[in-house]
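Have a look at the structure below before the remarks.
Residue numbers begin at 1 in each chain, while the letters A, B, ... track the order of the sequences.
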Amino acid sequence: MEVCHSLKQIFVLFLYLFLAIDSSSTTSSASPVINNYDALEGGGYPGELFAASAVFCFLLYIIFVFPILETNSATSSPAPTPQTSRMPKPFGYGYPTLQPGYQNATPSTSAMQPSNPGHHSGFQQYPQYPGVNQLSSTLGGLSLQHSQQPESLRPVNLTQERNILPVSPVLAPVPNLNSDLRKLNCSPDSFRCTLTNIPQTQALLNKAKLPLGLLLHPFRDLTQLPVITSSTIVRCRSCRTYINPFVSFIDQRRWKCNLCYRVNDVPEEFMYNPLTRSYGEPHKRPEVQNSTVEFIASSDYMLRPPQPAVYLFVLDVSHNAVEAGYLTIVCQSLLENLDKLPGDSRTRIGFITFDSTVHFYNLQEGLSQPQMLIVSDIDDVFLPTPDSLLVNLHESKELIKDLLSALPNMFINTRETHSALGPALQAAFKLMSPTGGRISVFQSQLPSLGAGLLHSREDPNQRSSTKVVQHLGPATDFYKKLALDCSGQQTAVDLFLLSSQYADLASLACMSKYSAGCIYYYPSFHHSHNPAQAEKLQKDLKRYLTRKIGFEAVMRIRCTKGLSIHTFHGNFFVRSTDLLSLANINPDAGFAVQMSIEESLTDTSLVCFQTALLYTSSKGERRIRVHTLCLPVVTSLSDVYAGADVQAAVCLLANMAVDRSVSSSLSDARDALVNAVVDSLSAYISTASNLQQSTLIAPNSLRLFPLYVLALLKQKAFRTGTSTRLDDRIYAMCQIKSQPLVHLMKMIHPNLYRIDRLTNEGAIHVNDRVVPQPPLQKLSAEKLTREGAFLMDCGSIFYIWIGKSCDNSFIKDVLGYPNYASVPQKLTQLPELDTLSSERARSFITWLRDSRPLNPVLQVIRDESPAKTDFFQHLVEDRTEAAFSYYEFLLHIQQQICK
Amino acid sequence: MESVVFVFSLIDCCALIFLSVYFIITLSDLECDYINARSCCSKLNKWVVPELIGHTIVTVLMLISLHWFIFLLNFPVATWNIYRFIMVPSGNLGVFDPTEIHNRGQLKSHMKEAMIKLGFHLLCFFMYLYSMILALIND
C-alpha cells in the first residue's frame, strides 16, 4: 500500500516535471501546513512524510537524468493503471456472491423450538401460519443438546417466535474477551461496534453481509472520569495513539503500541505512579488502568490561548415569531440560567435580533440601559460597534438582565413579516470570528430577504405519496458555505426552528450540520395553543443552556492497522482523512463511522479503536478525552454472527439510509434497508446448510433485526404512504445522524410499558426509592387493552395512553380525576398524590427521566382524543394502510430469501 | 486549414493534460493531509468549468472539421464532463464538495477519474500530434 502510494507520488511528480508546471506550488503543497489544528492532535503516519522526502530526493534525481526520462515518458505515461480504488457499493459494503454450502456453523433444525409455547393459544395476529402447534410439539425438548453453543448463536425461528421482544430493555452484547480485558474495556454507552467479533478479512465480512462500523458518544456526561495532569502525555511515536490499557509492556522501559505495533520507550516520568506513590510500575498508572480517561493538555496542544466561552443569541422578531410567543420563554429561560451558563470570568455574551433589518444591542458596561442599533442595509451587513456587542457576562450582567426582560415586549406591535436570516447570520459570523464560540439561532419562518432567502418547495399533496419524495437536499449552498466559514473560525451554529409552516429545514439544517451544531425543531409551536411544545422548548432550553460544552474541538478516530474508516456520520466537518473538526462539542452529540478491512488481520487476535477528543473546556482548559475499545478478531462466520450487535447495526444502517435518501432517493434507501435484512439472514441460513431452507431463521443475536428495520421503515424519516410533512421528515433524518445510540434506539423502537398495575415485583432501589420494573410490551395494538393504561417511552416524549374502560381507581389515584370522561385532552403532568399507585407510577417515570439528559415531556392521551394518532403511529408491529405488519414483513423477507 | 485545426487541438490538449495533472496532484495532497478539504475543493472547483469548456471546444471542432473517429472518441468524455457538472446537487459547492469528499470513497473515485482523463488526454495528444504532422506534410 505504502509502496503503491509512493510510486503514485513519484509518477505524479514525474509528470509534473515533464510538463514543467511551476514548482512553487509543489513546495507549498508538499510541506505540511502547521497552521491548523490537524498538527495538534497529531496527524497520520510519519511514513507519509518519509514518502514525501523520498519524492524530493527523486525530484533531484529526475532533474539530473531528465533527458533520459523524457524519452521514456511517452511510453510509460499512459500506462499506469489507476490504483485499484475500491468503489464502495451504495450501501457501504459489497455483496459478492456467496459460496454455496458454506459449512462452518451447523446448528441443526432441532434447536428451532419456539421458546414460549404458552402463547399459541392466543393466536389471532398470525392466522396464516398453519400447524405451529404440531411443529413445536415435535421439536419440543430438543434444545438441551445445544447447551454448549453460545446463546447468541441459538437459531430462532422468526415466524414462529411470538414474543421476540425481551421483557427487559436490550443490552449491548459483551465482547468475547478474557475477564481482565473485559473489565478494562470501554463502556458500550460511549463506544460501540456493530460487530463485537471483528472478522479477520474483508471477504469474511462480505460473506456475513453485516455493516461494520462504530457508534460513538464521546462527550457523554460521565459520573466518574479519571482526569490526568501530567507534563508529558505518553503517545506512540509513529501513529500518535495515546497509551491505553491494551498496550503491552515488553519490559519496564518499553511498551508496544496496540494500533501500529511500534515499540516505544516509557518516559521516566511515567515510571512514577501518583496514585500509589510508587516507582517502577508503569502498568499501574491510571492511563493504563482505564479505557476512558481525560488528559489536561499542555500548551503543545494549543495554537492560541484557550478561547473564552462566547455565546451569541440570534433571535427572530418578525410578526410570525412574536405571534408564536417564543421570545418570552427564551428570555425567561436565559434569565433563570444566566448564572449557570458554563464559563469562567471571561465568558462573553451578545444578542442580535432580526426581522427585515438586523438589530444589534450595545451592552457595554457603564451604559444606563441597553442601546439598540439597527442596520437596515442587509445586502452588505456591517457591525455598527464591533467592540461592545459581545460583552463580558459578569461586568454587564445588569444590562443583560434589563435587555432580557425588555425584549419580549419590544416587538409586540411589529407588523414586519419578512425575515432576513441570511444577513443576520453573516453579521453573527463577523461578530464571532475573532474568538469562536456558539451561535444559537431562533427562526420561526422561511427566510425571505437578503442572502440565503428560500422559497417554499413543499407540495402538500405529495406528503403521503408512495413514490418520489423530493427536496430532501438543500436548495442553496449559502448555509453550507456559512457553516464551513464558521467551522473554520471555531464557531458552531445551533438552530431552533419554531415554525408552524414549511420552513425548508433541509436547507436551514446545513448551518448546523457542518459547523458541529445541533438542531431543534418545534413544529406548530405556539406558547398558548400548543402547551406541550412550549413546555418542551422550556425543558430543552434548560438543558441546552446548562449542559457541558467544549470549544474549538477536534476528534480523531484511530484503529488497528488493517482497518480503515471510510465514511463518517454526524454533525461536523471532516477536515482531513480522519480528522473531524468540531467547533463545539456537547454531551448529546453522537457520531457513527463505517469501516472496511483493508488488510487481513491475520497476525493479531485483538483490534483496538481509539477516539481522542481534544477540546477547550468552558473554564478555558485544554483537555483530551480518550476512549479505547478492544475487540477480538474471529475467523469463522458463525463467530461473526455470534458477536453481532443488532442495535448498533440498525443505527448505522439508519445513518447510511439517510445518506442514501439524500444522494439517491427515499425508495432506494428503503429497498436497501430491506435488502440488508434479507442479505444477512439469507447469508446466515446458507451457512447452516442443514436448516430447512424454507423457514426464516435468525441467530439469536440478530433476532430483533427484522423488527428494528421494520420500525425504521415506519419511522418518520423513511415512511411512505402516511402523510408526513417534509420538515418533520428532514428533522427525523437530522436526528438519526446526530443522536447517540441510546436516544436513537428509543426513537426507532420506543419502549411500551403497562402502568396501571405496577407492582414491586422485581423492583430496583434507587436512592431509597422503590422503582417498579414493568415488563416491556411489544408495539402492537393487540397488547393495548381497554382496561389498561400504557406508557410509551419515545426518548424525547412520553405518551400515556388510557383505555376507555380503564380502572377508575387508577384514574383517581394516579391522574387525580374522578373518572375517565373527566380527564382533560391536554394533560402534561402527573399530580403528586399520596397513594401507592401514584407513587409507583411517578417513581417509575422519574427513573426513566433521570436515565437521560433530555427532559422528555409527558402527554396523557385518552383513547378517543385527536392526539391518538401520535401514539398509534409508533405501534410498528401493526399493519397500516401503507405498510406491512411485522408478520407480513417476515413473510416478505422469507419470500425474498427464497427467490 | 487541417493543420490549423490540429495545432489548436494540440495546444488545447496540452492545457487539458496540465489540468488533469493539477487535479491529481491536488487530490493526492488532500489524501496525504497536506491541505485541508476546503482549500482543495475550492482550488479544484475553479478549474472544472475551464476543463469542460476546453474539452467541449475540441469535440465541437472535430465535429465541424468532420473528423468522425476523433469526435466519437471525445464525445463520451465531453458528455460525462457536462453530465457531472449539471448533476451537482443544488446544495453542494461544486463538483468537488468539501463536506462529502472524504465520505463513501469519493476521494478515490475522483482520483481514479482524473487518472483516466490524464491517460485519455495523453492518447489524444499523440493522436493530434500525428495528425498535425500528417496535415503539415500534406500541405
Would you say B/N103's side chain and A/F568's backbone share a donor-acceptor pair under 3.5 angstrom? yes
Euclidean distance, [Y] [atom2] relative to [X] [atom1], rounded to 0.5 Å:
X: B/D97; Y: A/D477; atom1: CG; atom2: CG; value: 9.0 Å
X: A/D578; Y: B/H102; atom1: CG; atom2: NE2; value: 9.0 Å
X: A/L579; Y: B/D33; atom1: CG; atom2: CG; value: 7.5 Å

What residue, out of A/K480, A/H569, A/K481, has the most heavy-atom pairs lying under 4.5 Å from chain B? A/K480
I want to check something: taking the side chain as every heavy atom from C-beta on, are B/P98 and A/L484 in contact at a cut-off of under 4.5 Å? yes
If we define contacts as heavy-atom pairs under 4.5 Å, which of B/P89, B/S39, B/S90 has the most with chain A?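 With the most close heavy-atom pairs to chain A, the winner is B/S90.
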Test: A/D485 and B/R38 ion pair at under 4.0 Å: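 The answer is yes: the pair qualifies as a salt bridge.
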